[in-house]
Amino acid sequence: MKDWRYRLSEHRGTLLAFVFFILMFVIYASNHPAGFTANVVQTAANKGVLLALVAVAQTFVVLTAGIDLSVGMVFVLTNCLASAIVVGSPAMVGLGIVGVLLTGLICGAINGAIVIYGRLQPIVTTIATGAVYFGIALAMRPVPGGDVDSDLSDALTGRLFGVLPVSLIALFVVVLVIWVPFRRSAIGRATYAVGSSEVAAYMSGVPVQAAKFFAYVLSGLIASMAGLFLTFITASGEASAANGGSYTLYSIAAVVLGGVSLFGGSGSAIGAIFGALMFRTIGDLLFVFDLDPLWQPLFQGVVLLAAVCLGSVRLFQIRNRLDLFE
Amino acid sequence: MNTRAGALWRKVDPAVATAFGCIVLLLFLGSLYSSSFLSPEYLLQQLKVASFLGVIATGMMLVILLGQIDLSVPWVVAVGGMMSTAATGWGPTGEAFAIPFGILCGVALGFANGFGVAYLRIPSMIITLAVNAVAQGLMVVHTGGFSPQDSSSAAMRFIATGHTLLGVPNALLVWAVVGGATVFLLSRTTFGRAIYGIGNRERAAYLSGIRTQRVVLLTFAIAGGLSAFGGVLLAGYASKAAQAMGDAYLLPSIAAVVLGGASILGGRGSYIGTIAGVILITLLQSILSVVQIEEAGRQVIYGAVIIAMLLLYGREKVAR
């Protein structure tokens with residue numbers, strides 16, 4: 001196979017997600033009653049970046065052929081924490097941000113340690129740790145409230161030069177500082193190898209446990225960034241089980257729409273980001289067409305169902321019936 | 001005699017034994033706090049509450065035995081409850097068919113899940129998520145657009161809250177019937193053995209002549225029906241149906257199955273284990289609320305206990 005064709009097939013999921021997102025966003029923006037204005041883009045970007053960050057956090061774990069059902073709860077926990085400690089003098093705010101990120105890191109490390117060294121299945125482990133994280137969040141914020149440094153939140157949710165949403169730039173920076181070095185590092189490659197086949201990776205001398213652990217830790221870190229960003233948007237903290245649950249589920253949907261394989265070892269965080277943005281746009285499409293909001297959840301569900309069924313087109317390429325079962 | 005006892009002992013799954021041991025330990029700890037934890041009334045009440053989770057976890061167990069997962073439980077439960085109460089509002093005929101109608105709606109959603117997993121080869125985690133979203137959308141339109149009746153029929157209340165013989169709650173009898181049927185299905189029918197076979201390795205099951213896709217489809221349909229039946233029972237218990245009624249049942253049902261010693265990877269697990277897991281989860285939740293720990297503390301302890309118990313007996317072998 002020629003080099004470019006190989007590369008194309010490797011990034012097919014990411015590219016498809018990108019194309020579909022652009023398509024949907026064009027439909028969305030061109031039908032928006034307010035038109036394609038900076039305001040519309042800014043609102044859409046803030047909502048999209050929130051889910052995109054959670055989806056990136058999910059991606060790291062999914063790449064190792066695991067799943068993180070606690071990602072939404074880490075998001076909620078760090079939101080509650082940020083609403084308490086990211087206020088006051090600049091030094092306090094700085095320390096607070098470090099504290100929030102550190103909390104996410106620790107949550108990820110706990111998940112990773114139990115999965116890797118405790119040898120429990122990721123799905124049940126993260127269900128249980130998710131309950132623990134949510135409990136802590138609830139202890140911190142029995143009722144919604146709190147505050148966040150307003151200068152910082154205005155800056156991060158606003159626009160640069162009056163057009164470019166800062167949240168998008170922040171997301172870009174996160175990708176540039178965390179994802180790209182990760183993808184190119186030895187440990188990043190090891191994560192992909194472990195996700196493809198743990199046994200083969202072990203046989204080839206890949207540091208299996210370190211790679212998995214690192215992926216879980218990064219996942220927790222990014223989830224805490226999402227929690228921090230939510231605090232900047234809402235300027236308060238809320239321990240909402242519904243919020244945590246739906247962000248967990250949406251992150252899985254976004255990851256799949258973004259072309260990341262749930263079986264591990266293939267896909268990229270960039271795909272997941274476009275998957276998340278696409279998922280958000282789907283949800284908003286109904287509003288611009290001015291239909292009854294009553295139909296919005298059904299519409300979103302049907303589009304999601306249709307999108308995941310599209311993946312089955314590959315079945316037409318299967319020649320041997322046995323290949324179905326792998 | 002000695003060897004027979006030994007053979008019997010070897011047949012006992014250590015995971016199931018540990019789960020039952022944990023139940024006894026929980027009851028013992030509870031009785032230190034208050035002796036009413038050992039009263040027959042309290043225990044029967046707990047078994048009644050456990051029946052709802054038990055019926056839902058039965059469906060979850062069948063799906064987990066296949067090596068799949070069903071994340072559509074929350075809204076399939078809600079569909080079961082809401083459609084049966086809606087049918088109750090359609091007059092006497094509707095009221096008579098309320099329970100089967102609710103279950104049938106769940107079976108239909110389960111069919112959608114099963115078709116996606118078996119024939120479209122979509123990972124179950126994704127397709128059940130999507131079906132869950134569709135079910136939610138349908139129910140939102142249903143309540144908002146048609147404002148259906150939400151109070152349950154007399155028959156639903158009877159099977160969920162009534163007593164028949166010797167004060168045994170009907171809900172418990174329902175669970176016993178569902179459980180008995182499941183044990184028969186799993187251990188005495190080719191269908192049940194096929195479920196285990198597919199859970200171990202679908203390819204091998206297919207090559208040995210099992211029509212695996214049909215088995216998967218039917219299993220998901222049964223699971224959907226059981227989830228909806230759980231919703232019918234819950235609606236009868238609370239005498240009305242509500243939109244978020246199923247949200248609290250997804251994670252406990254998975255936890256109950258896994259605490260009962262079933263492998264989340266499929267192919268291994270027994271129904272007696274699921275019974276132990278369901279009772280364990282119900283008792284844990286009940287004791288935590290009786291000793292008046294705040295919701296936050298309850299969540300933390302709940303999660304920590306699940307992890308601790310799984311670390312006791314749920315660890316995987318080092319696969320190398």
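First the proteins, then the strands, lettered A, B, ... as listed; each starts at 1. Keep in mind it's a predicted model, so treat the numbers as computed, not measured.
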Heavy-atom closest contact (A:L305 atom, B:I127 atom, distance): CD1-CD1, 3.6 Å

For the interface with chain A, which of B:V140, B:V141, B:I306 has the highest count of heavy-atom pairs at distances below 4.5 Å? B:V141

For residues A:Q121 and B:L265, determine if any side-chain heavy atom of one lies less than 4.5 Å from a side-chain heavy atom of the other. yes

Residue pair A:L262 / B:P123: nearest heavy atoms and the distance that separates them: CD1-CB, 4.1 Å

Could you have a look at A:C309, A:A139, A:G118 and say which one has the most heavy-atom pairs with chain B under 4.5 angstrom? A:G118

Where does A:L69 contact chain B at under 4.5 Å (heavy atoms): side chain, backbone, both or neither? neither

Chain A interface, residue from B:L250, B:L129, B:T212 that has the most non-hydrogen pairs under 4.5 Å: B:L129

Side chain / backbone / both / neither for B:E294 at chain A, heavy atoms under 4.5 Å: neither

Please look at B:I301 and chain A and tell me whether the side chain, the backbone, both or neither of the residue comes under 4.5 angstrom of a heavy atom of that chain. neither

Give, as side chain, backbone, both or neither, the part of A:I123 having an atom under 4.5 angstrom from any heavy atom of chain B. side chain

Determine the minimum heavy-atom distance between A:G135 and B:A296, stating which atoms define it. O-CB, 3.2 Å

Stepwise side-chain contact (heavy atoms from CB on, under 4.5 Å) test for B:M125 and A:I67: CA-CA 10 Å; B:M125 202 175 280; A:I67 188 97; 3.4 Å; yes

Taking the side chain as every heavy atom from C-beta outward, state whether B:L311 and A:R119 have any atom pair closer than 4.5 Å. no

Is A:Y117 in contact with chain B via its backbone, its side chain, both, or neither, using a 4.5 Å heavy-atom distance? backbone

Where is the tightest heavy-atom contact between B:A133 and A:G301, given as atom of each residue plus distance? CB-CA, 3.7 Å

Check whether B:L138 gets within reach of chain A through its side chain, its backbone, both or neither, counting any heavy atom under 4.5 Å. both

Tell me which of these, B:V131, B:I198, B:L207, B:D247, has more heavy-atom pairs under 4.5 Å with chain A than the rest. B:L207

Chain B contact via A:I114 - side chain, backbone, both or neither, heavy atoms under 4.5 Å: side chain

What part of B:M139 is in contact with chain A, defined as an atom under 4.5 angstrom from a non-hydrogen atom: side chain, backbone, both or neither? neither

Closest non-hydrogen atom pair between B:I307 and A:T125, with its separation: CD1-O, 3.8 Å

